[in-house]
Protein chains: 2
Amino acid sequence: MHVSTASRALGSDAAGVSAETVQRVRELAVMLGYRRDVGAAGLRTGSSRLIGVLVPRLTDIVLATIYESIDIAAGTAGYSTVVANTLDDAGHRRSRLDAMLSRRIDGVIIGDSHIGDTAAFELQKLGVPYVLVMRKLEGHLSITTDDSLGGRLAAEHLLGLGHRRVGVIAGDPLASTGIERTDGFRRAFEAAGYPIDDRYVVGSGFDTRGGLAAGTRLMDLAEAPTAIFAVNDFIAMGAMGAIRDAGKKLRDDVALVGYNDIDIAATLPVPLTSVRSDLSAMGMLSVEALLLRMQGETADPVLLPPVLVPRATTVG
Amino acid sequence: MHVSTASRALGSDAAGVSAETVQRVRELAVMLGYRRDVGAAGLRTGSSRLIGVLVPRLTDIVLATIYESIDIAAGTAGYSTVVANTLDDAGHRRSRLDAMLSRRIDGVIIGDSHIGDTAAFELQKLGVPYVLVMRKLEGHLSITTDDSLGGRLAAEHLLGLGHRRVGVIAGDPLASTGIERTDGFRRAFEAAGYPIDDRYVVGSGFDTRGGLAAGTRLMDLAEAPTAIFAVNDFIAMGAMGAIRDAGKKLRDDVALVGYNDIDIAATLPVPLTSVRSDLSAMGMLSVEALLLRMQGETADPVLLPPVLVPRATTVG
DNA sequence: GTTCTCTGTGCAATCGTTTGCAGTCGCTCG
DNA sequence: CGAGCGACTGCAAACGATTGCACAGAGAAC
């Protein structure tokens with residue numbers, strides 16, 4: 001019995017080996033607790049069967065949800081995933097991507113793209129298949145929700161409720177999500193005849209702390225806004241703190257709209273109105289697109305449609 | 001110039017190679033964009049420089065936080081990490097652990113241990129170094145917080161506020177965290193002369209949805225509790241929904257204590273009283289312990305002390 | 001001038017798989 | 001009965017790195 005025969009017998013098709021041998025080999029493999037060494041196989045075949053995923057932070061439940069669905073989809077296609085927190089920092093991105101390339105990653109899903117970031121370009125140059133998810137970058141294939149439309153939905157909702165003086169907590173000015181959601185929102189208000197002054201649009205981190213700080217700035221304005229659009233739910237939750245600290249009441253004094261509609265939004269003491277995006281679908285589709293590219297085929301960009309879910313922070 | 005020379009020149013010590021050669025090799029490596037193939041090296045050296053991490057779910061921010069600190073600590077020690085969501089399901093655990101072993105993982109950090117789970121035993125038998133984090137399992141090295149003490153702290157806080165008829169949302173009955181926090185809490189009430197009836201202790205998932213369902217059951221009791229202890233903050237947030245749905249007011253009608261003190265707890269519209277545990281320290285320490293074990297040394301179990309942080313769900 | 005030591009480099013085996021090619025064996029067909 | 005074919009199996013090279021060992025050459029010591 002030669003190793004090559006065993007290798008063939010353990011292959012998924014087991015071609016060119018007698019049925020008897022296949023059975024014998026497989027039984028023995030189980031008995032001996034044999035496990036094929038994926039690394040060694042990769043050395044020979046040139047494929048690590050590994051997909052790298054770059055995210056800003058997994059403690060952001062939005063990214064964790066996307067990663068979860070990516071991992072599942074990759075798993076069913078026979079791939080493992082490695083994930084890296086890049087903290088939206090160029091240095092981290094570099095070193096983590098380097099580590100991935102050292103492991104001869106088969107493809108990369110970039111969930112943290114950032115204006116001015118070079119990761120996508122580098123992969124392009126190296127010929128490593130990649131896809132962007134969640135955030136876009138001009139000239140690269142991306143799977144995202146229609147953030148501009150999402151912003152407009154939030155705006156129309158608030159306009160319909162009679163709000164005219166509104167604030168926006170815009171997130172990171174270098175992430176497409178924050179940019180496009182803010183743009184869609186502002187354009188809708190402008191089109192309605194109520195352009196939003198720049199002082200009412202403040203940048204922030206994407207977490208609760210950032211939302212609290214930015215929300216406080218908005219509440220400190222001479223004429224505080226009657227409604228706030230936060231480009232994600234964590235920011236919105238931070239803003240809730242700011243509104244409370246300013247002695248105002250949610251909805252009655254200041255309405256609030258978040259984005260992503262994470263699970264918690266619905267069960268908060270005051271349930272949060274939010275723009276829902278299908279994060280799991282985004283993850284799945286990004287894997288699908290990446291697999292296509294890995295086979296040398298072309299994949300199309302995707303823009304998933306968001307939906308506004310009205311709750312107590314805006315309506316009775 | 002032979003590959004062996006190059007390999008030596010690129011090693012961290014670069015022993016047995018002339019300084020001139022080292023410099024030449026390194027310059028060339030940079031110029032050519034050479035990257036050492038970690039997988040191939042692992043084949044020869046027997047070490048993948050990979051640490052596997054098993055968690056129930058990364059969408060649970062508690063686990064995501066622990067994983068984040070594990071990843072950082074592992075990184076500074078020159079290791080990469082692979083993480084797997086096991087969803088507290090035996091089948092998933094099996095297949096994900098298998099995949100890790102196929103990659104010749106150097107060590108495993110188990111964050112999802114469960115009574116009746118065999119992962120730890122299997123690793124022990126295979127001689128693969130491992131450590132438990134967050135949850136304990138009899139007979140295995142673990143790095144956790146003192147959950148029993150945490151439960152007692154919550155109980156003493158509520159007792160001090162005059163609460164006598166209290167409910168507990170206990171989480172998964174097979175996870176040590178839920179078990180010990182609940183036990184510590186009940187023992188303290190019993191010691192104070194107010195034993196808690198079994199009907200006032202309900203199991204649940206560890207997420208918001210689970211908290212909502214369990215909270216609803218508590219609020220539906222003939223004599224609803226005047227305070228609820230939830231064994232984690234997400235459960236507590238679900239319970240907030242249940243309390244609201246029952247038409248009761250947080251704190252005035254029903255006080256609420258959570259566990260872990262995640263970031264959001266402080267900025268909620270009604271800030272949540274919670275038992276804080278140092279999740280990052282837990283992650284770091286688990287890596288430290290694992291590294292020790294990987295070097296064949298012995299590591300000691302750790303019990304980090306929790307602290308109660310009183311907020312508006314219990315006090316004025 | 002011979003021997004010895006020391007430094008730096010090269011050789012070759014090795015890790016565990018995969019896979020093209022070649023060989024063996026039994027059968028069928030003419 | 002011999003050729004030919006098909007089904008299995010074995011051989012050996014290859015993937016990219018590491019490492020014990022041997023060897024070359026320079027210089028020192030006698």
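Proteins come first, then strands; the chains are lettered A, B, ... in the order of their sequence lines, and each starts at number 1.
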| Between C1' of C:dG8 and CD of B:Gln23, the distance in whole Å | 17 Å
| query | Taking atom P of C:dT17 as reference, at what distance in whole Å does atom CG of A:Leu10 sit? | reply | 9 Å
| Does any N or O donor sit under 3.5 Å from an N or O acceptor when you compare the side chain of B:Ser4 with the base of C:dC11? | yes
| message | If you assign B:Ala40 and B:Val3 each to the DNA chain C nucleotide with the nearest heavy atom, which residue ends up on the more 5' nucleotide? | response | B:Val3
| request: Identify whether any heavy atom of B:Ser7 sits under 4.0 Å from a base atom; if not, whether one sits that close to sugar-phosphate; answer base, sugar-phosphate or nothing. | output: base
| said: Strictly distance-based, threshold 3.5 Å: is any side-chain N or O of B:Arg135 a donor or acceptor partner for the main-chain N or O of B:Ser113? | reply: yes
| said: Heavy-atom nearest nucleotide on DNA chain D for A:Leu43 versus A:Met1: which residue maps closer to 5'? | reply: A:Met1
| query | Side chain of A:Thr86, backbone of A:Val55: donor and acceptor closer than 3.5 Å? | reply | yes
| Do B:Arg293 side-chain atoms and B:Ala299 backbone N/O form a donor-acceptor pair below 3.5 Å? | no
| task | Determine yes or no for a side-chain-to-main-chain donor-acceptor pair under 3.5 angstrom, with B:Ser142 supplying the side chain and B:Thr144 the backbone. | result | no
| field | First encountered from the 5' end of DNA chain C, between B:Arg8 and A:Ala41 | value | B:Arg8
| said: Salt bridge or not between B:Arg96 and A:Asp71? Use side-chain N to carboxylate O under 4.0 Å. | reply: yes
| Is there a donor-acceptor pair under 3.5 Å between the side chain of A:Asn232 and the backbone N or O of A:Asn260? | no
| Does A:Phe121 offer a backbone N or O that forms a donor-acceptor pair with the side chain of A:Thr118 under 3.5 Å? | no
| message | Under 4.0 Å from a heavy atom of chain A: give me the 5'-most and 3'-most nucleotides of DNA chain D that qualify. | response | D:dC8 to D:dG16
| message | Distance check needed: C:dG16 C1' versus B:Arg104 CZ, whole Å only. | response | 8 Å
| Can you tell me if the side-chain N/O atoms of B:Ser18 get under 4.0 Å from OP1 or OP2 in C:dG8? | no
| Separation of A:Arg49 atom CZ from C:dG16 atom P, in whole Å? | 22 Å
| said: Using whole Å, what does the distance between atom P of nucleotide C:dA13 and atom CZ of B:Arg44 come to? | reply: 13 Å
